[in-house]
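Read the structure below first, then the notes.
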Amino acid sequence: MTTLSTYVKWSEKILNEHLKTEPSWLATCSKVNRYTRAGKDGKFIICPKCHQGAFVFHFSWSALSCQHCNAIVEKNDWKVTG
């Protein structure tokens, strides 16, 4: 039985590999705003600088450091899927 954290890491790896090809749906992703909610399962956000992503489970932050390029990005600049 896999745990949620194992599944999240596996999903994040698959999504980041897919993002390296610059998929067409990336242009239609909306930006995070004050009404964005993560929900029970979290949301996948994408860095506007390196186009790599990570899962977040809340949006009670004003800026976040990207785990891939180490850039500090304001909340409203991140892209969110779904």
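Shown here are the side chain to side chain donor-acceptor pair (under 3.5 Å) partners of N33, two or more places apart in sequence or in another chain: T36. V73 meets the side chain to side chain contact (heavy atoms under 4.5 Å, CB included) test with C47, P48, K49, A71, D77, W78; sequence neighbours excluded. Applying the side chain to side chain donor-acceptor pair (under 3.5 Å) criterion to S60, with sequence neighbours excluded, gives H58.
When each of T81, V32, V80 is tested with K43 by the rule side chain to side chain contact (heavy atoms under 4.5 Å, CB included), just one qualifies, namely V80.
Residues F57 and F44 share a hydrophobic cluster, clusters being chains of Ile/Leu/Val/Met/Phe/Trp/Tyr side chains in contact below 4.5 Å.
Not one N or O on the side chain of H51 forms a donor-acceptor pair closer than 3.5 Å with the backbone of I46.
Looking at every heavy atom in both residues, C29 comes nearest to K79 through CB-CB, 4.2 Å. For K75 against W61, the heavy-atom pair with the smallest separation is CE-O, 2.5 Å.
Taking a 4.5 Å side-chain heavy-atom cut-off between Ile, Leu, Val, Met, Phe, Trp and Tyr, the cluster of I72 contains only that residue.
In this structure, SG on C69 lies 9.0 Å from CD on Q52, to the nearest 0.5 angstrom.
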